[in-house]
Amino acid sequence: MTQIPRALRRLALVLPAALLVPQPLLAQEPATPTPQYLTPEGGTPWIYEGSDVPRDKEWIFGTLPNGVRYAVRKNGVPPDQVSVRVRIDAGSLYEEDSERGYAHLLEHLLFRESKYLGPAEAIPTWQRLGATFGSDTNAETSPTQTVFKLDLPNVDSAKLAESMKLLSGMVRSPVLSDANVRAEVPIVLAEKRERGGAAERAGNASREVLFAGQRLADRVPIGTEASLKAATGASVSAFYKRWYRPENTVVVAAGDIDPMQLAAEIERWFGDWKGQGPMTPAPDFGDPVAPAGADPANPVGEVGVVVEPDLPRSFSYAVMRPWRPVQDTIAYNEGLLRDALAQSLINRRLESRARAGGSYLYAQVAQDDVSRSADMTFVNFAPLTGDWKAALDDVRGVIADALATPPSQEEIDRELAEFEIVFKSQVEQQRVLPGPRLADDIVNAVDIREAVAAPDTVLKVFNSMRAKVTPERVLEHTRALFSGAVIRAVYITPEAGEASEAEIRAALREDVAADANARVAAQAISFDDLPPVGPPGEITAQGPIGVLDIEQVDFANGVKAILWANDAEPGRVAVKVRFGAGYRAIEPDQAVYANLGYAALIGSGIGELDQEQLDLLSTGRKFGFDFQTGDGAFSFFAQTREQDLEEQLYLFAAKLAMPGWDPRPVIRAKAAGKLAYESYSANPGGILKRDLEYLLNDEDPRFRTPTPEMFDAATPEGFRKVWEPLLEQGPVEVLVFGEFDKEATIESLRRTFGALAPRATPPAAVLDRVSEFPDAGETVVRRHRGDANQAAAVIAWPTGGGVDDLRESRRLEVLASVFNNRLMEAMREHAGASYAPVVRSDWPSDVEGGGRIAAMAQLRPEDVPVFFAEAERIAKDLAAAPVGEDEYNRVVEPLRQYVSRASTGNLFWLYQLENATVEPRRIALLRYLLADYTQTPPSELQALAQKYFGSRAGWRLAVIPEGQELATAVVEGKAAGR
C-alpha cells in the first residue's frame with residue numbers, strides 16, 4: 001500500500017484533493033549509485049573515535065578518501081523534507097589580521113555565484129524548489145565554523161540530487177571574482193551597520209577583556225570595515241583555498257528518504273573534490289593566562305569598565321580555564337551532569353534572593369566552552385542601582401556558601417527531579433524530533449569535538465550519574481567550577497565614574513562571607529492540599545466540530561473547550577486558554593499595568609502560593625505558564641505532557657478563580673521596565689520596539705511603552721485594581737491538542753474550568769473598541785542616540801481584521817511575500833542600502849480592524865528616501881500589473897510547502913482554531929486555507945494591491961540619529977529603478 005505522508009493525510013481531511021498534488025519541478029529522477037564509503041560493520045564511526053558513549057544507531061556515518069566526513073539518517077519529521085548541513089571547519093578565528101570578516105564574507109559569496117548557479121540565482125532557485133530563503137536556506141558563521149543549511153521540502157530523488165549538486169557547486173566552486181566581491185561587500189557592510197551601536201561596542205569591549213591575549217579578543221565574524229573594503233577576488237580566494245578543503249568538511253543529511261540514497265548523493269557530489277595545495281593546520285587560538293603576580297588562590301586578572309549611557313547596568317565575571325579536547329566518555333558526561341547540577345543549585349538560590357528583594361534584578365551562573373578558546377564559568381548579574389559593589393557582594397556571598405558547605409539532599413533531589421523530567425520527555429519525543437534539529441546536533445558536536453548520543457542514552461547516563469551523587473561530590477564539582485587559571489571581569493554602566501578597574505579588581509580580591517539565607521528550604525507542597533476551583537461543572541454540549549477528530553465541549557458556566565487527542569507528537573500536549581477582551585479591555589490610562597501584566601501577573605502567584613511555592617509544586621513535572629495580551633483576548637499557554645495535564649489545567653483555572661497578589665513580582669517588574677527604557681534609544685531598532693505599535697495605532701495611549709515616570713507611579717495595589725476584574729471576564733476558551741486521554745481530560749476540565757464561577761461579559765463599549773490607523777501625511781520622525789550611520793524606515797498601509805475577510809487576509813500574505821522579494825532585491829542588490837528589509841501582513845482575526853501591511857528596513861540615514869521610493873514604486877507596480885509566472889511560483893511554492901509541513905504539528909491546528917468557539921466560521925474557512933495561499937491568481941493579487949496600496953498613500957516613519965535632519969531627496973542613481 002502506498003504510504004501517504006502525514007502532512008497530506010491531515011490536510012486531505014479538510015482541503016480539496018486537487019490542491020495536494022505535488023508540483024513537479026524536475027523532469028526525471030537520475031539513477032543513484034550505491035554508497036561505497038560507509039563505516040564498515042563493526043567499525044567505529046568517526047564521531048565516536050575515542051569514546052565509549054553508545055552509538056546512536058539511527059545515524060549512518062562515512063568517510064570519503066578525500067577526507068570529507070558525513071552522517072545521514074532517516075527522519076520523517078516534517079514529512080517529505082530533507083535537512084542538509086555542510087560544515088566547514090573555519091570561522092573568524094582562522095583569519096589573519098588582514099582577513100577579518102572573510103569567513104563571513106565567503107558565506108555570502110557562495111550564495112552569490114557558483115559552478116551551477118549564475119549571479120544572484122541561488123535564492124530564486126531554492127524558492128522554485130519550495131525552500132523559503134532565510135528559514136529553509138541559510139548559513140551562519142561563528143568564530144570556529146561556517147555552516148550552510150538547507151531544509152528541502154517535498155523531496156524526491158531528483159530534487160535531492162539537484163539540490164546536492166547545487167550545494168556542492170556552492171561549496172566546491174564558488175565564483176570569487178572581483179566583481180562579486182565588490183557587489184557583496186556593501187551588503188555585508190549593511191549587515192555590520194545594522195548590528196552596530198552601543199550593544200555591539202559593549203560586546204566587543206567585553207570580549208577584548210575576557211579573552212585578552214587570545215585570538216577571540218579581536219576576531220568577530222562580521223569583521224572590520226577596513227578589511228572588508230580592501231577585499232579582492234584574489235585575497236578572498238586565498239582564504240577560501242586555505243580552509244575550504246574536503247578534510248575540513250562535514251556533510252550531514254537527515255530526512256524522509258532512504259539514508260543510503262542520502263549517502264550516495266553526498267559521495268557522488270563531494271567524492272572527487274580535491275584541496276588546493278598542502279593542508280594548513282588550524283591556528284593556535286591561545287589560552288587564558290593570569291597576569292604576573294596574580295594570587296594563585298584568587299587569580300584576578302584583566303578588568304574592564306565600559307560606559308554606555310544607553311545600556312542598563314550589567315556585571316560579568318568569569319573563572320577561566322584553558323580549553324582542551326576531551327575524550328567524550330560516559331564518565332566525562334557524568335561529570336558534565338554533576339557540573340550542571342551544581343550550577344542549577346546555585347542559580348535557584350540566586351533567583352530566590354532576587355525574588356526576595358535582593359540588590360540585583362537577576363543573576364546566573366553558567367559554565368561554557370567558548371569557541372574552543374576557554375572553559376569558562378560565567379557569573380552574570382544586573383545591579384538594581386549604581387551600587388554595583390553591594391550586588392557583587394550579594395552574588396558572591398551566595399556562591400561562597402555553595403563553595404563552603406555541601407547542599408542538602410533535599411536540594412539535590414529537587415534538581416535531579418527537574419533533570420529527569422527533561423531527559424524523560426526527550427525519550428518520549430525522540431520519534432518526532434525534527435530533522436533540522438537532528439542535523440544541527442551533529443554539526444554542534446563536531447564543532448566542540450564531541451560525540452552525539454540518542455535521548456535514551458542520555459537518560460541512562462543521567463541515571464548512572466544519579467546513583468553516584470552525594471552532597472560531597474556536588475561540593476567537589478562546585479569548587480572545580482570556580483577554580484581556574486584567571487578571573488576576568490567587565491562592568492557595563494551608563495554612568496561614567498561609577499566604578500574603576502582598580503575598585504572592581506579590589507572587590508573581587510576581597511573575601512566574602514558565605515550567605516546561607518538564600519538556600520531554598522524544602523517544603524512539602526502537594527496538589528492534593530490545594531483548594532478545589534469549585535464544584536465540578538456540568539457539560540451542556542459535546543460533539544465533533546467537523547474537522548479531523550476534533551471535539552468541542554461546552555460547560556454550563558459558559559466555558560467552551562476544543563480538544564484533539566492524537567498521537568502525532570508523543571509526549572506532548574499543548575494547552576491554550578483564551579479569556580476576556582485583550583487590549584480592548586485596557587483603558588487609556590492603564591498602559592503601565594498592561595506592560596506589568598506580561599512581566600508580573602504569573603509571578604504574583606495563585607491564592608496563598610507565591611512563585612517560590614509554585615516552583616516547588618512544579619518539581620518533577622513539565623509545566624508552562626506563558627501569558628500574552630492579544631488584540632481580542634488574553635491568553636495562557638503551556639507545553640506539557642499527559643501525566644501533568646490535569647495539574648496544568650488546575651493552575652490555569654486557579655489563576656482565574658483565585659489569583660494571588662504578591663507585590664514582589666510587581667516591584668521587580670517595575671525595576672526591570674525602568675532599567676530597560678533608556679536602552680530603547682540606543683539604536684533605531686530600539687525606537688521601533690518602543691514606539692512603532694503606539695504610532696501605528698494612531699498614538700492610542702493603551703499601546704504606549706511606559707516611561708520610568710509611569711513605572712514610578714505604578715503600585716502593587718494599582719496592579720491588582722486593574723487586573724483583578726480582567727481575570728474575571730469571559731468568554732473563556734480552552735484548547736487542548738496532543739497526546740492525552742480524551743475522557744480523562746474532559747473530566748479534568750469539568751473539575752477545573754467547568755468549576756469556574758460564570759465569567760463577566762465585557763461591556764459593549766469594550767468589545768466594540770477598534771484601533772485606528774494614523775492618517776498618512778508628513779513623515780513621522782523619531783530620533784535615536786546611537787551611531788550616526790544608522791537609521792530605520794517604515795511604510796505601512798491599513799488593511800482589516802476579523803473573520804469576514806479571513807480568506808482575503810491569507811491572500812494578503814501572498815502579496816506581502818511578493819512585495820518582500822522585490823524589496824529585498826531592490827534594497828540589497830541595486831541600492832546596497834539595507835541588509836534585510838521585511839514586509840509583513842498583520843490581520844487580527846479576533847477583532848474587527850487593526851490590520852496592516854508594513855515594510856521596514858534598517859539603513860543609512862541618507863538612504864531613507866531610497867527606501868520610501870522603492871517601497872512606493874513596488875506598491876504601484878503591484879497595483880499596475882499582475883506578477884509574472886516565475887515570480888508567482890517562487891512565492892507560492894514555498895508557501896505550499898510551509899503549510900504542508902506545518903500542518904503535521906498540533907500547534908498549526910490549535911492556532912487555526914483558536915477563537916472558533918466564539919466565531920465558528922473559522923472552522924468552515926479552514927477548507928480554503930491551502931487554496932488561499934497557493935491558488936490565488938496573479939490578477940487577484942493585483943486587485944488586492946489596487947485595493948490597499950492604490951486607495952491611499954502609505955504612512956511613513958523614519959528613525960534617524962539625534963542632531964540630523966531627515967533626508968528627503970534620493971541620491972542620483974540610488975533608486976533601483978534608475
CA sep, side-chain torsions, deciding dist, call: Lys149, Glu107, salt bridge (charged side-chain N to carboxylate O under 4.0 Å, His left out): CA-CA 11 Å; Lys149 301 184 174 186; Glu107 173 200 313; over 6 Å; no
Residue pair Asn697 / Ser771, side-chain donor-acceptor N/O under 3.5 Å: yes
Glu495 and Thr493: side chain donor to acceptor below 3.5 Å: no
Contact summary for Thr137 and Ala131, nearest pair of heavy atoms: CG2-CB, 3.7 Å
Arg195 bridged to Glu191 by N-O distance under 4.0 Å: yes
Residues forming a salt bridge (Lys or Arg N to Asp or Glu O under 4.0 Å) with Asp804, sequence neighbours excluded: Arg921
Parallel, tilted or perpendicular: rings of Tyr835 and His108 (30°, 60°): tilted
Stepwise side chain to side chain contact (heavy atoms under 4.5 Å, CB included) test for Leu806 and Arg810: CA-CA 7 Å; Leu806 187 60; Arg810 299 166 184 162; 3.9 Å; yes
Expected output: side-chain Glu121 to main-chain Glu113 donor-acceptor under 3.5 Å: no
Ion pair check, Arg785 and Glu678, cut-off under 4.0 Å: yes
Glu813 side chain near Leu895 side chain, heavy-atom distance below 4.5 Å: no
Reported CG-to-OG1 distance for the pair Leu106 and Thr141, which is rounded to 0.5 angstrom: 8.5 Å
Whether Asn820 side chain and Ala816 backbone form a donor-acceptor pair below 3.5 Å: no
Check: Asn683 main-chain N/O paired with Gln790 side-chain donor or acceptor under 3.5 Å: no
Pair Trp723-Phe627, ring pair (Phe, Tyr, Trp, His ring centres under 6.0 Å): steps then yes or no: CA-CA 13 Å; Trp723 280 104; Phe627 172 74; 5.5 Å; yes
Donor-acceptor contact present, side-chain Asp787 to main-chain Gly197, <3.5 Å: yes
Nearest heavy atoms of Asp842 and Arg840, plus distance in Å: OD2-NE, 3.2 Å
Distance, nearest 0.5 Å, that separates CE of Met856 from CZ of Phe867: 8.0 Å
Check: Arg219 main-chain N/O paired with Ser92 side-chain donor or acceptor under 3.5 Å: yes
Considering all heavy atoms, the nearest Val847-Gly632 contact: CG1-CA, 3.6 Å
Criterion side chain to side chain contact (heavy atoms under 4.5 Å, CB included) against Gln127, the qualifying member of Asp136, Asn821, Asn889, Val892: Asn821
Electrostatic pair Arg873:Glu870 at N-O distance under 4.0 angstrom: yes
Arg783, CZ: over 12 other non-hydrogen atoms inside 6.0 angstrom: yes
From CG (Leu812) to CD1 (Ile853), nearest 0.5 Å: 4.5 Å
Note, Asp700 side chain near Glu772 side chain (heavy atom, < 4.5 Å): no
Main-chain N/O of Ala879 paired to Gln942 side chain as donor or acceptor, under 3.5 Å: yes
Over 12 foreign heavy atoms within 6.0 Å of OH, Tyr677: yes
Between Tyr948 and Trp797, ring centroids under 6.0 Å: no
Pair Tyr694 and Phe703, ring centroids less than 6.0 Å apart: no
Phe711 backbone acceptor or donor facing Lys674 side chain under 3.5 Å: no
Asp631 vs Asp846 side-chain heavy atoms within contact, under 4.5 Å: yes
Lys/Arg N to Asp/Glu carboxylate O, Asp218 vs Arg100, below 4.0 Å: yes
Verdict with reasoning, Asn204 to Arg201, per side chain to side chain donor-acceptor pair (under 3.5 Å): CA-CA 5 Å; Asn204 289 340; Arg201 288 193 300 271; over 6 Å; no
Beyond-backbone contact of Pro494 with Val307, side-chain heavy atoms, under 4.5 angstrom: no
Please list every donor-acceptor pair under 3.5 Å in which a side-chain atom of residues 585-600 meets a protein atom from a residue at least two apart or in another chain.
unit_1 : atom_1 : unit_2 : atom_2 : d
Glu587 : OE1    : Arg769 : NH2    : 3.4
Gln590 : OE1    : Glu587 : N      : 3.0
Tyr593 : OH     : Thr715 : N      : 3.1

Glu848 (side chain) donor-acceptor with Val770 (main chain) under 3.5 angstrom: no
Heavy-atom side-chain proximity of Tyr680 to His784 below 4.5 angstrom: no
Validation row: Thr779, Thr968 side chains within 4.5 angstrom (heavy atoms): no
Atom of Glu95, atom of Gly101 and distance for their closest heavy-atom approach: OE1-N, 3.0 Å
Electrostatic pair Glu887-Arg890, nearest N-O below 4.0 angstrom: no
Side-chain touch Leu966/Glu778, heavy atoms, less than 4.5 angstrom: no
Between CZ on residue Phe133 and CD1 on residue Ile123, distance to nearest 0.5 Å: 3.5 Å
Lys192: salt bridge (Lys or Arg N to Asp or Glu O under 4.0 Å) partners, not counting sequence neighbours: none
Trace of the side chain to side chain contact (heavy atoms under 4.5 Å, CB included) decision for Val188 with Ile222: CA-CA 8 Å; Val188 175; Ile222 198 64; 4.2 Å; yes
Whether Glu184 side chain and Leu105 backbone form a donor-acceptor pair below 3.5 Å: no
Evaluation steps, salt bridge (charged side-chain N to carboxylate O under 4.0 Å, His left out), between Glu808 and Arg811: CA-CA 5 Å; Glu808 183 165 287; Arg811 295 165 182 155; 5.8 Å; no
Heavy-atom closest contact (Tyr888 atom, Thr936 atom, distance): OH-O, 2.7 Å
Atom CD of Glu962 with >12 non-hydrogen neighbours under 6.0 angstrom: yes
Audit row: Ser316, Asn380, side chain to side chain donor-acceptor pair (under 3.5 Å) steps and yes/no: CA-CA 4 Å; Ser316 301; Asn380 302 305; 2.7 Å; yes
Lys/Arg cation over aromatic Phe868: Arg956, 6.0 Å, 45° cone: yes
Any side-chain heavy-atom pair of Ile492 and Ser206 under 4.5 Å: yes
Any donor-acceptor pair under 3.5 Å from Trp955 side chain to Gly777 backbone: no
Asp775 CG: over 12 foreign heavy atoms closer than 6.0 Å: no
Closest non-hydrogen atom pair between Ala231 and Val236, with its separation: CB-CG2, 4.0 Å
